[in-house]
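First up is the structure itself, then whatever we jot down about it.
Heavy atoms only: backbone and side chains are in, while hydrogens, waters and symmetry mates are out. So you know, we letter chains A, B, ... as the sequences are listed, proteins then strands, and number each from 1. Keep in mind that this is a model prediction, so the values were computed, not measured.
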2 protein chains.
Amino acid sequence: MTSRNVSKTVVKRLPVYLRILDNLILRDVEIVSSRELSMESGFSAEQIRKDLAYFGAFGTRGTGYNTAYLRDKLLKIIGLDQKTKVIVIGAGHLGTALTRYNAVKNLYIDIVAVFDRDRRVVGQQIGHIRVLPFEKAPEIIRKHQVKVALITVPETSAQKVVDEITRHGITAILNFAPAKLHVPEDVHIQNSDLTIDLQSLIYYSTAEKERLSRLQKENEESKTQKQKILKID
Amino acid sequence: MTSRNVSKTVVKRLPVYLRILDNLILRDVEIVSSRELSMESGFSAEQIRKDLAYFGAFGTRGTGYNTAYLRDKLLKIIGLDQKTKVIVIGAGHLGTALTRYNAVKNLYIDIVAVFDRDRRVVGQQIGHIRVLPFEKAPEIIRKHQVKVALITVPETSAQKVVDEITRHGITAILNFAPAKLHVPEDVHIQNSDLTIDLQSLIYYSTAEKERLSRLQKENEESKTQKQKILKID
DNA sequence: TAGATTGTTAATCGATTAACAATC
DNA sequence: TAGATTGTTAATCGATTAACAATC
């Protein structure tokens, strides 16, 4: 184990391993090899062994990994060994979906509160959680020492929301608004942009080669035309 | 321009450029440099120039890129030059959020239909789109020649849904169910797992170094203890 | 012509895979 | 002991960055 900073790509795989272990434990499987984890996850066995080895030697040579033991270690590595407190800002459909899902399934996450600016939404229940007015956010963040926030508000208000909550102690944000938000240096922000995911998927929905060779031909034909467009436009 | 297959990381950035261009055009900006695109996107200017150069020479040396021209090219590259037809399977909160967002904003996407198995949901309206029973999916897919599907059903039914829709012509799937789904070779599937995004974010919500050095100490202390646990468990 | 910025080649960096010694 | 699988080092691959000639 080296204690150099672990790369993002590795961190992104850890929760995948965690979920697989959860499922294995549910099925009373006690030992799992990197090869089996590879089949479940789609990552190579070498990569999995290397990922885990960043943090310690958790396996047994000749045998594999004890599922309960490895899960315990992964929880500590990711920081999920205590239930992590999370707030959700924005009680629209997306905010509701996220709240419902994470509140129902036990995913080591504790949704402390959901906030919205819209008076018509405030007071509604999402499962057992009541939607609070956004002005209450600072108080709740401080009281429960919440560090993590999910933002599902429209892009027009996203920056204001981020400014406000980072001021009161939020250090990690998962942002669903399609905007590049500015945060203080010590705050970690991660964007999840479903439209971009969808558009990049569409790239693969029709034959890539044909589309690109058609484009190439078009490019060649229009080398002269290009200048015209640039002038006219 | 080479016509080798373009890597996934490049394809993932193209819709980001597209969105920035849309905004610039809305603000009547006609020319943009790779440096400016870099500031808006967070990707390096060199990387942006290189990404675009995979597909052709769209800029003007000494000047930059014509925004309208580059957008036009990007639409053709991604395959969004005709509105792409998409279906949504699962009319829960997530499915509703995706449908609403993509139907309202013009994102070059045409949501043809939303399906659900639950009779109580069928018939409801999401914007101007009516929720149809899932049995209608094959007919609609064939009639409109839909290639792209978003799946927001529970993990227990996700595989069945995928099997059914791929049989009728779907070739690209964005899956929100937390499961590794099996698809025919010619079908492209991309997973969007919001829980995994959230858990990997949590890794960064508390001081990484301290947590990991605590873990390291624990590992050293329990080298002997480890065997015990493995035996007992 | 001088200044600016692209498009492209070369250098660097990082991540994945291969290989194998350690060891259960 | 023989067979299996980890943990780790070395080799490969791919992606990003640096540098600069081409050219508007």
Is there a side-chain contact between B/Ser33 and the phosphate of C/dT5, meaning an N or O under 4.0 Å from OP1 or OP2? no

I need the CZ-P distance between B/Phe58 and D/dT23, as an integer number of Å. 18 Å

Residue closer to the 5' end of DNA chain C, A/Thr9 versus A/Gly62 (nearest nucleotide): A/Thr9

Donor + acceptor pair across side chains of B/Tyr108, B/Asp81 (<3.5 Å): no

Should C/dT17 form a Watson-Crick or G-U wobble pair with both distances under 3.5 Å, which nucleotide is its partner? D/dA10

If you assign each of A/Arg13 and B/Arg35 to its closest nucleotide in DNA chain C, which residue comes earlier from the 5' end? B/Arg35

Write down the distance between CG (B/Leu52) and P (C/dT8), rounded to a whole number of angstrom. 12 Å

Here the distance between atom P of D/dT5 and atom CZ of A/Arg61, to the nearest Å, is 14 Å

Would you tell me if any nitrogen or oxygen in the side chain of B/Ser7 comes within less than 4.0 Å of OP1 or OP2 on D/dA15? yes

Under 3.5 Å, is there a donor-acceptor pair between the side chain of B/Thr152 and the main chain of B/Ile89? yes

Name the closest nucleotide to the B/Ala53 side chain, picking from D/dA15, C/dG7, D/dT5. C/dG7

Nearest whole angstrom, please: distance from the P of D/dT8 to the CZ of A/Phe55. 14 Å

Would you kindly give the CG-to-P distance between B/Leu70 and C/dT5, to the nearest whole Å? 16 Å

Phosphate OP1/OP2 of D/dT6: any A/Thr60 side-chain N/O under 4.0 Å: no

When rounded to whole Å, the OH to P distance for the pair A/Tyr17 and D/dT6 reads 13 Å

Where along residues 42-51 of chain A does a heavy atom fall under 4.0 Å from DNA chain C? A/Ser44, A/Glu46, A/Gln47, A/Arg49, A/Lys50

Take atom CG of B/Asn66 and atom P of C/dT6, then tell me their distance rounded to the nearest Å. 13 Å

Pairing check on D/dC24: which nucleotide meets the Watson-Crick or G-U wobble criteria with it, both distances under 3.5 Å? C/dG3

Rounded to whole Å, please give me the gap between CD1 in B/Ile31 and P in C/dT6. 10 Å

Taking atom NZ of A/Lys83 as the centre, report whether more than 12 heavy atoms of other residues, nucleotides or ligands fall under 6.0 Å from it. yes

Report yes or no: is the cationic atom of A/Arg49 (NZ for Lys, CZ for Arg) under 6.0 Å from the centre of the six-membered ring of A/Phe58, at an angle within 45° of the ring normal? no

Can you tell me if A/Ser38 uses its side chain to pair, donor with acceptor, with the backbone of A/Ser34 under 3.5 Å? no

Would you check if the side chain of A/Arg100 reaches a backbone N or O of B/His93 as a donor-acceptor pair within less than 3.5 Å? no

Any A/Tyr65 side-chain nitrogen or oxygen under 4.0 Å from OP1 or OP2 of D/dA4: no

Any donor-acceptor pair under 3.5 Å linking the side-chain atoms of B/Gln159 with those of B/Asp163? yes

